[in-house]
Amino acid sequence: MPRWCGKLGAAKAKGCDEQMASRIIPVDPFDLVVFGGTGDLARRKIIPALFRRWCAGQMRDGTRIIGAARSERDSEEYRALIGDALAEFAGPAARDADAVTGFLAILDYVTIDATGTLGWSELRDLLNPQRVRAFYFSVGPELFGPLAERLHKHGMADGESRIVVEKPFGNDQSSAEALNRTLTTHFQEHQIYRIDHYLGKETVQNLMAIRFANMLFEPLWNSQYVDHIQITVAETVGVAGRGAYYDHAGAMRDMVQNHLMQLLCLIAMEPPAKFDPDAVRDEKLKVIRALDPVARDDIVRGQYLGDSANAGYREDVGNPDSTTESFAALRVQISNWRWAGTPIYLRTGKRLRARASEIAVVFKETPHSIFGAEAGRHRNILTIRLQPNEGIDLDMTIKEPGPGGMRLVDVPLDMTFAQALGPEAQDVPDAYERLIMDVVRGNQTLFMRCDEVEAAWAWIDPAIRLCEDEALPVLPYDPGSSGPEDALALMHRDGRRWREIKP
Ligand code: NAP
């Protein structure tokens, strides 16, 4: 039974899956203000995520969601705007007219100017200072500071207030530090939630479960047994529609500094003593601080070409001379006892062969083959698939059945979550649902701490400068490919190869 089918409490569970419903812990009524509540991110992701949590029965009666943006409209007009957005972006749940009507009733709208005085008193008067008040900054980064300042000035930064800050969090170390200084002038660190939606993905959280809830892997999780690790985040889309932002950021700032870095930290960190926000983030920070500077030869940058169906990168961003990368591959080294000598290869890009994100932990070959040279050399590979088909594969070597001697073959032990755990595994909350409810619950484990963000910039800044100052070439690649040829060479020269990007 789908999880949108019944809201516990006020709307009552209309036959909602009992098991799923029993695991949902409703949170006390809260006020959530979405600054930029009319924007693309709010309409596509944030409000649909809230809608699905409401349908799941996680919000108690009295909870309110307030859209706040510059344009003038009343709450009724806002509800109509969001009704359309739900129909377009909230999936099958939005076909339940009663659920949509019920959810829209908890919405309000305030016209506000983040850089002026308009709307601030109205907003303050609307909110209940006795309850959790969360302020989601779904606006351009230039407005993060002005919003924090005005919330503080108008008495909305105290008690149970918290702010959620979208990416990009700065565009280099000094701008990230400046932003942290501004935010921490008005809010305390425990009130600031820097969101990286990758951390809300079910498989990313599963990474920690796989590593720290199983005895099997941890003894092998080091340079003695692991040959190398590959992290790939491949997209099929281009940058059309986001060109102005993207051409200033590029793949290094837009993807490597945050999403890939977070995956790298989770895969490489030491076991935290407990699963608590600071214990986890302390360990992630140590990984970032142990990263070696990236050498010139260890970076490959690329830019997608156009084809008969789609424009190329330069056309997409409207800049015929652009030297910004839409693809980046890096060879990274962590200098600590666990990982010295085990390179980690990162790769991300737009308009690639498939939309696929995965981490592959490639173990070393056995030291000696008792089956002779003809049996070949084999290795185990643990693949953690983030998307699509979230799940885990462990490549094992076995004897090929039948006659013909000891012929060895690699086969995956495949645990696709949807198959292993049943339909419920397909019906898990998306990253934004999980993260927004964590904000309300006051759990910062899956959010980046200020020192973590600054350390990530401190590591990538020199690599970006290297690209820009030494005019590291941006190599063209065909749409639908795996990126520039040189990215393959980055691994070939180490006697390794990338795993195929498969849908
Ligand atoms: P957007 O579509 O341009 O929306 C911007 C929103 O900000 C609108 O609601 C706009 O209100 C409001 N706004 C602009 N100036 C304002 C002011 N002075 N006072 C109050 N409200 C103001 O942007 P977006 O794509 O939703 O992105 C929002 C943020 O999320 C950005 O930081 C972006 O980098 C980040 N982000 C976006 C995505 C995505 O997929 N879109 C993904 C990751 C991160 P009006 O419409 O009333 O002017």
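Counting starts at 1 for both ligands and their atoms, following the listed order. Below, all heavy atoms of this structure are taken into account, side chains as well, without hydrogens, waters or symmetry copies.
- In terms of polar-atom proximity, Gly39 is counted as a contact of ligand 1, with an N or O under 3.5 Å from an N or O of the ligand.
- Between the side chains of Arg53 and Gln58, a donor-acceptor pair is found at a separation under 3.5 Å.
- Two residues are said to be in side-chain contact when any heavy atoms from C-beta on lie closer than 4.5 Å; Phe135 and Leu127 meet this criterion.
- Geometrically, Arg43 does not engage Phe89 in a cation-pi contact defined by less than 6.0 Å to the ring centre and at most 45° from the axis.
- In this structure, the ring of Trp120 has its center less than 6.0 angstrom from the ring center of Phe35.
- By the 3.5 Å distance cut-off applied to N or O atoms, Val139 is counted among the residues near ligand 1.
- Within the structure, the closest approach of Arg44 to ligand 1 falls below 4.0 Å when heavy atoms are considered.
- The single protein non-hydrogen atom nearest to atom 33 (C) of ligand 1 is Lys167 O, 3.8 Å, given as residue, atom name and distance.
- Ligand-side atoms of ligand 1 in range of Ile112: 19 (N), 20 (C), range being under 4.0 angstrom from any heavy atom.
- Using a 4.0 Å cut-off between a side-chain N of Lys or Arg and a carboxylate O of Asp or Glu, Lys167 and Asp196 do not qualify as a salt bridge.
- Ring geometry for His259 versus His197: interplanar angle over 60°, hence perpendicular rather than tilted (30 to 60°).
- With respect to atom 16 (C) of ligand 1, the closest heavy atom belonging to the protein is Leu143 CD1, 3.5 Å.
- At the top of the distance list for atom 38 (C) of ligand 1, counting protein heavy atoms only, stands Leu41 CD1, 3.7 Å.
- Within the 4.5 Å cutoff, the side chain of Phe327 has no heavy atoms near those of the Arg301 side chain.
- Closest to atom 9 (O) of ligand 1, if we only count protein heavy atoms, is Thr38 OG1, 2.6 Å.
- With atom 44 (C) of ligand 1 as the reference point, the heavy atom nearest to it among Glu72, Glu166, Glu142, Lys45 is part of Glu166.
- Counting only heavy atoms from C-beta outward, the side chains of Tyr193 and Leu446 never approach each other to under 4.5 Å.
- Listed by number with element, the atoms of ligand 1 under 4.0 Å from a non-hydrogen atom of Pro168 are 34 (O).
- Taking the six-membered ring for Trp and thresholds of 30 and 60 degrees, Trp498 and Tyr345 have ring planes more than 60 degrees apart, a perpendicular arrangement.
- Taking every non-hydrogen atom of Asp113 and a distance limit under 4.0 Å, the qualifying atoms of ligand 1 come out as 17 (C), 18 (N), 19 (N).
- With a 6.0 Å cutoff to the six-membered ring centre and a 45° limit on the axis angle, Arg194 does not count as a cation-pi contact of Phe447.
- Here the protein heavy atom with the shortest distance to atom 41 (N) of ligand 1 is Asp40 OD2, 2.8 Å.
- When each of Leu183, Val453, Leu147, Ile195 is checked for a side-chain contact (heavy atoms from CB on, under 4.5 Å) with Val165, only Leu183 meets the rule.
- In terms of protein heavy atoms, atom 48 (O) of ligand 1 is closest to Arg70 NH2, 3.1 Å.
- Protein non-hydrogen atoms do reach within 4.0 Å of atom 18 (N) of ligand 1.
- Between atom CD of residue Glu358 and atom CD of residue Gln230 there is a gap of 7.5 Å, rounded to the nearest 0.5 Å.
- Ligand 1 has a nitrogen or oxygen under 3.5 angstrom from a nitrogen or oxygen of Ala114.
- Checked against a 3.5 angstrom limit, the closest N/O atoms of Ser138 and ligand 1 fall outside it.
- Between Ser71 and ligand 1, at least one pair of N/O atoms sits closer than 3.5 Å.
- No part of His197 comes within 4.0 Å of ligand 1, judged by heavy-atom distances.
- Ranking the protein heavy atoms by distance from atom 6 (C) of ligand 1 puts Gly36 CA, 3.5 Å first.
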